[in-house]
Amino acid sequence: MNEPIDTFRQRVFQIVDAIPRGRIATYGDVARLAGSPRAARQVGGILSRLPAGSRLPWHRVVNRLGGISLPGEDFIRQKTALEAEGVEFGPEGKIDLSRYRWVW
DNA sequence: TACGTGACTTTCG
DNA sequence: TCGAAAGCCACGT
């Protein structure tokens with residue numbers, strides 16, 4: 001009955017959900033783990049369409065510079081959530097990837 | 001049903 | 001070293 005739908009989106013959900021607390025991953029990492037190294041843009045698009053209450057740690061996904069691509073309030077929200085997990089931001093609002101990156 | 005858009009990354013010139 | 005374009009998949013109109 002519950003056939004595991006191996007769509008790209010389902011894999012993204014599983015991967016993001018597997019990111020440990022206090023760690024981060026880049027869009028490219030998630031895309032690559034999902035099976036499409038070039039689909040980083042879609043990862044962002046999928047996360048932007050996340051249903052409210054999905055309980056997915058989307059805030060642990062950042063761009064390859066360790067920065068947040070979100071504008072305005074969502075930027076604050078993501079940054080606050082990460083800081084609450086012990087992730088420190090640099091002077092330019094970027095995360096030290098070599099320190100917090102979940103996968104290499 | 002088809003086309004356009006989008007939280008990005010990588011490669012080529 | 002810098003700039004531009006392609007690739008990827010799902011969703012909205």
Side-chain angles (χ1 to χ4, degrees):
Chain A
M1 37 181 277
N2 62 27
E3 292 279 324
I5 308 172
D6 266 6
T7 61
F8 182 77
R9 192 168 71 106
Q10 291 295 325
R11 292 191 182 194
V12 170
F13 284 131
Q14 292 176 6
I15 293 164
V16 174
D17 187 51
I19 301 174
R21 184 176 178 280
R23 294 286 160 177
I24 61 167
T26 68
Y27 294 105
D29 289 335
V30 176
R32 184 172 53 172
L33 291 173
S36 298
R38 315 285 184 190
R41 183 191 280 181
Q42 278 53 255
V43 175
I46 290 167
L47 295 182
S48 70
R49 293 291 179 181
L50 271 182
S54 61
R55 287 185 293 173
L56 206 69
W58 59 268
H59 55 268
R60 294 176 190 153
V61 182
V62 298
N63 63 31
R64 78 181 293 278
L65 299 177
I68 298 173
S69 303
L70 294 169
E73 191 175 340
D74 287 332
F75 172 89
I76 307 288
R77 188 179 305 169
Q78 182 169 14
K79 183 179 178 183
T80 302
L82 288 172
E83 290 179 326
E85 296 185 350
V87 176
E88 296 178 10
F89 282 74
E92 297 184 0
K94 294 180 182 176
I95 301 168
D96 186 352
L97 288 175
S98 63
R99 212 171 143 190
Y100 295 105
R101 200 176 190 183
W102 177 42
V103 291
W104 292 78

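Order of the sequence lines fixes the chain letters, A, B, ..., with proteins taken first and strands second; residue numbering starts at 1 for each chain. Given the structure is predicted, the values throughout are model-derived calculations rather than measurements.
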Undergrad: Determine which pairs satisfy side chain to side chain donor-acceptor pair (under 3.5 Å) with at least one residue from residues 34-52 of chain A, sequence neighbours left out, and list them in order.
TA: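 Qualifying pairs, neighbours excluded: none.
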Undergrad: Tabulated below should be each protein N or O lying under 3.5 Å from an N or O of nucleotides 1-3 of chain B; please produce it.
TA:
none

Undergrad: Round to a whole Å and report the spacing from CZ of Phe13(A) to C1' of dC11(C).
TA: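 After rounding, the gap between these two atoms is 12 Å.
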Undergrad: Can you check the Leu47(A) CG to dC11(C) C1' distance for me, whole Å?
TA: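 Spelled out: CG on Leu47(A) to C1' on dC11(C) is 14 Å.
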Undergrad: Do Phe89(A) and Lys94(A) have side-chain heavy atoms sitting under 4.5 Å apart?
TA: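 No - every pair of side-chain heavy atoms lies 4.5 Å or more apart.
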Undergrad: Please enumerate all residues that pass side-chain contact (heavy atoms from CB on, under 4.5 Å) together with Glu88(A), with sequence neighbours excluded.
TA: Arg99(A), Tyr100(A)
Undergrad: Tell me which residues in residues 61-82 of chain A lie within less than 4.0 Å of DNA chain B, going by non-hydrogen atoms.
TA: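 The answer is Asn63(A), Arg64(A), Ser69(A), Leu70(A).
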Undergrad: Check for me, please, whether Leu50(A) and Leu82(A) land in the same ILVMFWY cluster - side-chain distances under 4.5 Å, paths through other members count.
TA: yes
Undergrad: Scan residues 16-28 of chain A for pairs that pass side chain to side chain donor-acceptor pair (under 3.5 Å), counting only residues two or more places apart or in two chains.
TA: Thr26(A)-Asp29(A)
Undergrad: Determine all donor-acceptor pairs shorter than 3.5 Å in which one atom belongs to a side chain in residues 73-81 of chain A; sequence neighbours excluded.
TA:
| residue | atom | partner | partner atom | Å |
| --- | --- | --- | --- | --- |
| Gln78(A) | NE2 | His59(A) | O | 2.9 |
| Gln78(A) | NE2 | Val61(A) | O | 2.9 |
| Thr80(A) | OG1 | Ile76(A) | O | 2.7 |

Undergrad: In B/S/- notation, 5' to 3', how is nucleotides 1-10 of chain C contacted by protein heavy atoms closer than 4.0 Å?
TA: ------BBBS
Undergrad: Among all residues two or more places apart in sequence or in another chain, which pass the salt bridge (charged side-chain N to carboxylate O under 4.0 Å, His left out) test with Glu85(A)?
TA: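 Once residues adjacent in sequence are excluded, the partners of Glu85(A) under the salt bridge (charged side-chain N to carboxylate O under 4.0 Å, His left out) criterion are Arg60(A).
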Undergrad: How would you list, by chain and number, every residue that makes a side-chain contact (heavy atoms from CB on, under 4.5 Å) with Arg64(A), sequence neighbours excluded?
TA: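 Arg64(A): no side-chain contact (heavy atoms from CB on, under 4.5 Å) contacts found.
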Undergrad: For Leu33(A), what residues pass the side-chain contact (heavy atoms from CB on, under 4.5 Å) criterion, not counting sequence neighbours?
TA: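 side-chain contact (heavy atoms from CB on, under 4.5 Å) list for Leu33(A), sorted by chain: Ile15(A), Trp102(A), Val103(A).
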Undergrad: For Ser69(A), enumerate each residue passing the side-chain hydrogen bond (donor to acceptor under 3.5 Å, both in side chains) test, keeping only those at least two apart in sequence or located in another chain.
TA: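 So Ser69(A) forms a side-chain hydrogen bond (donor to acceptor under 3.5 Å, both in side chains) with Asn63(A).
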Undergrad: Between atom CZ in Arg101(A) and atom C1' in dT9(B), what is the gap in whole Å?
TA: 11 Å
Undergrad: Rounded to whole Å, please give me the gap between CG in Asp29(A) and C1' in dT9(B).
TA: 11 Å
